[in-house]
Amino acid sequence: MRALKIVHVSSEISPYSKSGGLADVTRSLPRALKRLGHQVMAITPYYGFIKEDKWTVENLNIHLSLNFDGQEYKFGFKKAICPDKYPVFFICQQRLFGSRHKRGSEMYNYPDNGLRFLLFNLAAIELIKNLKFEPQVIHCHDWHTGLIPNYLKIKYKKEEKFKNVATLFTIHNLLFQGPKDWWKIPINKKDNGRNLPPENLKKTEWINFVKRAVLNADIINTVSLRYAQEIMTEEYGCQMEKHFKKREKDIYGIINGIDYAIFNPQFDPNIYVHYDINVLEKKIENKLIFQKKYNLEVNAKIPIIGLANRLTEQKGFELIINLLDHLLKKDLQIVVVGSGGGKYREILRKSQKAFPKKLLFISPFREDIARKIYAASDIYLMPSRFEPCGISQLISLRYGSIPIVHAVGGLLDTVSDYNSATGRGNGFVFRSYNSYDLLFAIARALENHKREAAWRNLVRRSMKESYSWTLPAKKYVVLYRKAIKKMRTKNEKAKTIKEK
Ligand code: GLC
């Protein structure tokens, strides 16, 4: 099989920029593809917080000027060879990306996001046009890149370079479809998705980037099989379900992997003591040191429930908050690290004051502390209302912290309910999204935690499971080939119609 040439486009790519799992995927998937022998490159915005002295970046001699609604925007481009040895190209526009770093690493919280990412999409296409690299597939990630398939299919249709380029659009989270919440846009302002996006500054706010991608991309996928089915239902479809239904045959699900070179208790530099399945007592050492360091009661027998996630409704904080007082009366400790979440943050702060020996809450999110939590905790809580894939539960499995999850999306594709009679299963799963069901799952986990030998077996088995990127990367290659085939068939059809 011939090697493929693939461009990844994303609004965030680790280690340069990261607000969530998207950045991990857009770092690790190209890396895994490269290992399989394919040629990859990536394109992302050059945010003001990406410091030139930290990374080796070179300026490219390509200059671009785009006119939009009577304004001129000048673009520059930079290139870096990322730590994983493939080229990452940066799109530089001072006003839209470069000068927005006043609030730390904030990438998205701006009123002109429609304009920012529309121009990012056009600049990405123009950059590819100027490079020697001849891609066969452009892989677009999440809404910020959703106009690329749209522009390619209409505006750039006749360009030699793009005639035979296929597009794959990956949905990492359907809640986000454009600069504004889709369901909050008045009906008469909603983007119909037809033709090209509007060239009017005000109207950029109402563009639905995801809809335009779904209408134009050759193939669409989400980050788990289950989520691919869920987005076709009213419950999880976020008002896009009918568009997905129409393209049902072209929608796939591929579960994400995790990078075991980064997430591995055998050599993670962030944890206190390294361990693996043969030396589980060292996991307990992590627990004891953690308890001491953060002034919790030092006792190996007390179960620690860990959480390292954004404090949002999606991640299940509504349920957690409801149960907090009740749980804190039990013989356990809860440790949370996470950013955001006004109301949730306040409640956690208050509870921490009331129960300082039992609840530890650290905000904003810190990766090094998150790793210590994975290593120190016995149980990992991830009761997301919906979850396209979820990466934390995969990390927690590798660190031997047994996940409690809601039966949705990627959580259900990766965690199965533990059955103490058969010893099967790698976590605790609850089916309906309410506090009682979550509480019941927590109670089952706590009961099982008391049975030390069986719990050790459960931990060992969970740590041995593999969710590396090799298999998902191979599945993406199959999808790329499908997308190429699809694009060719469409082109041939168009040609015959024209000839007639
Ligand atoms: C989004 C989703 C999460 C997924 C990640 C990477 O953050 O919410 O479930 O794991 O993207 O695909």
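Each residue takes its place number in the sequence, starting with 1.
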Between [Y] and [X], is there a salt bridge with N-O shorter than 4.0 Å?
{"X": "Asp191", "Y": "Lys211", "result": "no"}
{"X": "Arg95", "Y": "Asp112", "result": "no"}
{"X": "Glu313", "Y": "Lys343", "result": "no"}
{"X": "Lys189", "Y": "Glu205", "result": "no"}
{"X": "Arg27", "Y": "Asp84", "result": "yes"}

Is there side-chain contact between [X] and [Y], with at least one heavy-atom pair below 4.5 Å?
{"X": "Ile43", "Y": "Ile91", "answer": "yes"}
{"X": "Lys153", "Y": "Thr167", "answer": "yes"}
{"X": "Tyr260", "Y": "Tyr467", "answer": "yes"}
{"X": "Val57", "Y": "Lys79", "answer": "no"}
{"X": "Thr414", "Y": "Ile255", "answer": "yes"}
{"X": "Arg116", "Y": "Asn113", "answer": "yes"}
{"X": "Ile171", "Y": "Phe244", "answer": "yes"}
{"X": "Arg31", "Y": "Tyr86", "answer": "yes"}

*Mind running salt bridge (Lys or Arg N to Asp or Glu O under 4.0 Å) on Asp250 and Lys486 for me, showing each step along the way?*
CA-CA 9 Å; Asp250 299 322; Lys486 183 118 207 192; 2.8 Å; yes

*Go through the steps to decide whether Tyr227 and Phe386 satisfy the test side-chain contact (heavy atoms from CB on, under 4.5 Å), and finish with yes or no.*
CA-CA 9 Å; Tyr227 192 56; Phe386 72 96; 4.1 Å; yes

Distance-only polar pair, side chains of [X] and [Y], donor-acceptor under 3.5 Å:
{"X": "Asn491", "Y": "Arg488", "value": "no"}
{"X": "Ser396", "Y": "Ser401", "value": "no"}
{"X": "Glu12", "Y": "Ser19", "value": "yes"}
{"X": "Glu72", "Y": "Asn67", "value": "no"}
{"X": "Tyr399", "Y": "Asn264", "value": "no"}

Could you report the tightest heavy-atom contact between [X] and [Y], atom names first, then the distance?
{"X": "Gln314", "Y": "Glu387", "result": "NE2-OE2, 3.3 Å"}
{"X": "Ser435", "Y": "Asn322", "result": "OG-ND2, 3.2 Å"}
{"X": "Arg212", "Y": "Pro197", "result": "NH1-N, 3.4 Å"}

Look at the rings of [X] and [Y] and say which category their plane angle falls in: under 30° parallel, 30 to 60° tilted, over 60° perpendicular.
{"X": "His139", "Y": "Tyr476", "result": "tilted"}
{"X": "Tyr16", "Y": "Phe90", "result": "perpendicular"}
{"X": "His8", "Y": "Tyr480", "result": "perpendicular"}

Verify, without hydrogens or angle tests, whether [X] (side chain) and [Y] (backbone) share a donor-acceptor contact under 3.5 angstrom.
{"X": "Asp142", "Y": "His172", "answer": "yes"}
{"X": "Ser224", "Y": "Pro388", "answer": "yes"}
{"X": "Thr204", "Y": "Gly114", "answer": "no"}
{"X": "Lys51", "Y": "Gly48", "answer": "yes"}
{"X": "Asn434", "Y": "Asp437", "answer": "yes"}
{"X": "Arg226", "Y": "Gly253", "answer": "no"}
{"X": "Arg247", "Y": "Ala217", "answer": "yes"}
{"X": "Thr170", "Y": "His141", "answer": "no"}
{"X": "Asn200", "Y": "Lys202", "answer": "yes"}
{"X": "Gln239", "Y": "Trp182", "answer": "no"}

_Ile6/Ile138 under side-chain contact (heavy atoms from CB on, under 4.5 Å): CA gap, chis, key distance, verdict_ = CA-CA 6 Å; Ile6 310 139; Ile138 301 183; over 6 Å; no

Can you tell me how far the [atom1] atom of [X] sits from the [atom2] atom of [Y], to the nearest 0.5 Å?
{"X": "Ser99", "Y": "Tyr47", "atom1": "OG", "atom2": "OH", "value": "13.0 Å"}
{"X": "Glu58", "Y": "Lys78", "atom1": "CD", "atom2": "NZ", "value": "10.0 Å"}
{"X": "Lys155", "Y": "Phe162", "atom1": "NZ", "atom2": "CZ", "value": "11.5 Å"}
{"X": "Ile13", "Y": "Thr44", "atom1": "CD1", "atom2": "OG1", "value": "4.5 Å"}
{"X": "Ile373", "Y": "Asn270", "atom1": "CD1", "atom2": "CG", "value": "12.0 Å"}
{"X": "Ile347", "Y": "Arg345", "atom1": "CD1", "atom2": "CZ", "value": "12.0 Å"}

*Please say whether more than 12 non-hydrogen atoms of neighbouring residues, nucleotides or ligands are located less than 6.0 Å from CZ in Arg366.*
no

Name every donor-acceptor pair, under 3.5 Å, that has one atom in a side chain of residues 118-130 and the other anywhere in the protein, sequence neighbours excluded.
unit_1 : atom_1 : unit_2 : atom_2 : d
Asn121 : OD1    : Leu147 : N      : 2.9
Asn121 : OD1    : Ile148 : N      : 3.3
Asn121 : ND2    : Phe117 : O      : 2.9
Asn121 : ND2    : His144 : O      : 2.7
Glu126 : OE2    : Tyr156 : OH     : 2.6
Lys129 : NZ     : Glu159 : OE2    : 3.3
Asn130 : ND2    : Glu126 : O      : 2.9

_Check against salt bridge (Lys or Arg N to Asp or Glu O under 4.0 Å), Glu52 and Lys54_ = CA-CA 5 Å; Glu52 213 149 306; Lys54 191 164 173 207; over 6 Å; no

*Go through Asp218 and Lys490 one step at a time and tell me if the salt bridge (Lys or Arg N to Asp or Glu O under 4.0 Å) criterion holds.*
CA-CA 9 Å; Asp218 292 302; Lys490 262 196 236 158; 3.0 Å; yes

*When the aromatic ring centroids of Phe77 and His63 are compared, is their separation below 6.0 Å?*
no

*Under the salt bridge (Lys or Arg N to Asp or Glu O under 4.0 Å) criterion, do Glu492 and Lys495 qualify, and how do the steps go?*
CA-CA 5 Å; Glu492 270 155 30; Lys495 218 169 121 198; over 6 Å; no

*Show your reasoning for whether side-chain contact (heavy atoms from CB on, under 4.5 Å) applies to Phe89 and Leu60.*
CA-CA 9 Å; Phe89 290 85; Leu60 300 185; 3.6 Å; yes

*Taking Tyr344 as the fixed residue, which of Lys315, Glu318, Arg349, Arg310 is the one that meets the side chain to side chain donor-acceptor pair (under 3.5 Å) rule?*
Glu318

*asked:* Please identify which of these residues, Gln177, Lys246, His243, Met240, meets the side-chain contact (heavy atoms from CB on, under 4.5 Å) condition with Val214.
replied: His243

